[in-house]
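In what follows, chains are A, B, ... by sequence order, proteins preceding strands, each numbered from 1.
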Amino acid sequence: MKESLSIHISDEEIQNLNKMIYIQYGYDFSDYSLASYKRRLSRIMINFKILNLTDLEYKLVEDELFFNVFLEEVTVNVTEMFRDPDFYKCLRRDIIPQLSTYPMIRIWHAGCSTGEEVYSLAILLKEADLLKRSLLYATDINEDVLIKAKSGSFSLELMKEYNENYKNTGGLFDLSDYYTVKDDRAIFNEEFRNRMVFSPHNLIQDKSFNEFNLILCRNVLIYFNRDLQNRVIKLFSMSLSSFGYLALGSKETLELNGVNEEFELVNKQQKIWKRKK
Amino acid sequence: MEEKEIIVFGGSAGSVDVLLSILPKLPVKFPFPIVVVIHRKDMDDSVLESVMKSRCQLNVIEIEDKTFIKDGTIFLAPAGYHLLVENDYSFSLDLSEKINFSRPNIDVALESIVNIYKNRVIGILLSGGNEDGARGMKLIKDAGGLIMIQSPESSSVPVMPKSIESLVEPHNILSPDEICNFLLSKSLSCNKRVFK
């Protein structure tokens, strides 16, 4: 089936929509990257057969439940376990041994979506025998995805692919060692969830809430414009301990943003930086 | 900002060889940005980039989020992301679901490029085994830009260039050599204007 291409939306219409959403729901989308935000809006309108932006605005004002659907659609939630295996291999080889020097390891997974990458990291920590003294804070703007993340239950049919990813990170065991199967779900062991704290956090409006040794925020900044990226990177800088690590998505960079003086590059390919002091 | 054109290649199976027969011949002072949006496996990223870099005279950049578009540069769309263009002439990337099994999707990229560059887009669709790109090419033509396809006879997999036939008539149907000559003469005429 051919999908129809997108609906034309003007910048002014977007500003009006954003104002309404901010007033009614308190979410500020005004510094989202315009091209992808427009694309999300147009896809929502096509999927729900909404003809123009006024109708979308009307539906959002009327229907709070629809706003939740909207939020889920606008904040892209595509993720997988051990996404980019080479990145996890690098964590395993270079970063986790450094973290092991701390008595208590605090990690923040910002924009964790449904949690696949949080469990991935927890598995690496367990294999380095560090899970017991680690705490993984996993946050997202969207509370619905956090409920899924908290359940630690993922579709069983994806496990074959995830196991391949896991092996490619240098994993010596089998992913199935870490979950039990119930119906068509793989439910990850309690010991992982016990070290995780799930909480809503909005990178755009909320403040720093702890000091971390490692912050992961992968493929979230691509949806933000340059100004907002800068503000979020400042927030990360404020939330890192001295020499704490920051990991971004494989096509994201601090270099364009003029805020990199606080960071030193650790791995260019895998997009890992370290706070200078 | 000067109203400059942008050249976009789309392609899939059989397109890398064609690109490698065209792009290395383009001179260092090539006066337009060139964007390459092709389907490839996630793994090939750095391989394609280094092959291109070693053969091309032009600067080759694999696009990262918010990379600025500039002339005389070949920009490769990274595998696994949709490619979009922002108002400030920078690229942005998007990880949302695949469209017709592809990400980057050529239609998505072309639509976003047309939104910003309007009638200043030259779209070239190469060899490929699916129909991605056809609707994007129509958008380019509708906006007043120029579209051309690799001739089906010269394409190792002609499904992609052929697929536009039912939607829109291309301005030109060219062999790889002819595409190269077109770009070279385009570059010469543009530079002449500048140096007059």
Among B:Asn87, B:Asp94, B:Leu84, B:Ile116, residue most engaged with chain A (heavy-atom pairs, under 4.5 Å):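 Ranked by contacts with chain A, first place is B:Asp94.
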Within 6.0 angstrom of [X] [atom1], more than 12 heavy atoms from elsewhere:
X: A:Arg93; atom1: CZ; value: yes
X: A:Lys167; atom1: NZ; value: yes
X: B:Lys138; atom1: NZ; value: no

Gap between atom [atom2] of [Y] and atom [atom1] of [X] - 0.5 Å precision:
X: B:Asn115; Y: A:Ile9; atom1: CG; atom2: CD1; answer: 10.0 Å
X: B:Leu83; Y: A:Lys251; atom1: CG; atom2: NZ; answer: 12.0 Å
X: B:Leu93; Y: A:Ser36; atom1: CG; atom2: OG; answer: 9.5 Å

Distance-only donor-acceptor check, side chains A:Arg39 and B:Ser112, under 3.5 Å: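 Not at all, the side chains of A:Arg39 and B:Ser112 share no donor-acceptor pair under 3.5 Å.
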Donor + acceptor pair across side chains of A:Ser33, B:Lys66 (<3.5 Å):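 A pair is found: one side chain offers a donor N or O, the other an acceptor, under 3.5 Å apart.
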Heavy-atom check, side chain of A:Arg43 versus side chain of B:Ile99, under 4.5 Å: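 Of all side-chain heavy-atom pairs linking B:Ile99 with A:Arg43, at least one is under 4.5 Å.
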Side chain to side chain, A:Ile222 and B:His82, heavy atoms closer than 4.5 Å: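 Result no, sub-4.5 Å side-chain heavy-atom pair not found.
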Mind listing the closest non-hydrogen atom pair of [X] and [Y] along with its distance?
X: A:Val78; Y: B:Arg103; answer: CG1-NH1, 4.1 Å
X: A:Leu34; Y: B:Glu86; answer: N-OE1, 3.2 Å
X: B:Ser96; Y: A:Arg40; answer: CB-NH1, 2.9 Å
X: A:Leu221; Y: B:Asp65; answer: O-OD2, 3.9 Å
X: A:Asn219; Y: B:Tyr81; answer: OD1-OH, 2.9 Å

Check against side chain to side chain contact (heavy atoms under 4.5 Å, CB included), A:Arg226 and B:Asp88: CA-CA 11 Å; A:Arg226 228 177 253 107; B:Asp88 66 353; 2.9 Å; yes
Where on [X] is there a heavy atom nearer than 4.5 Å to chain B: the side chain, the backbone, both, or neither?
X: A:Ser250; value: both
X: A:Phe224; value: backbone
X: A:Asp11; value: side chain

Sidechain N-carboxylate O distance under 4.0 Å for B:Glu64, A:Lys271: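 Yes, B:Glu64 and A:Lys271 are salt-bridged.
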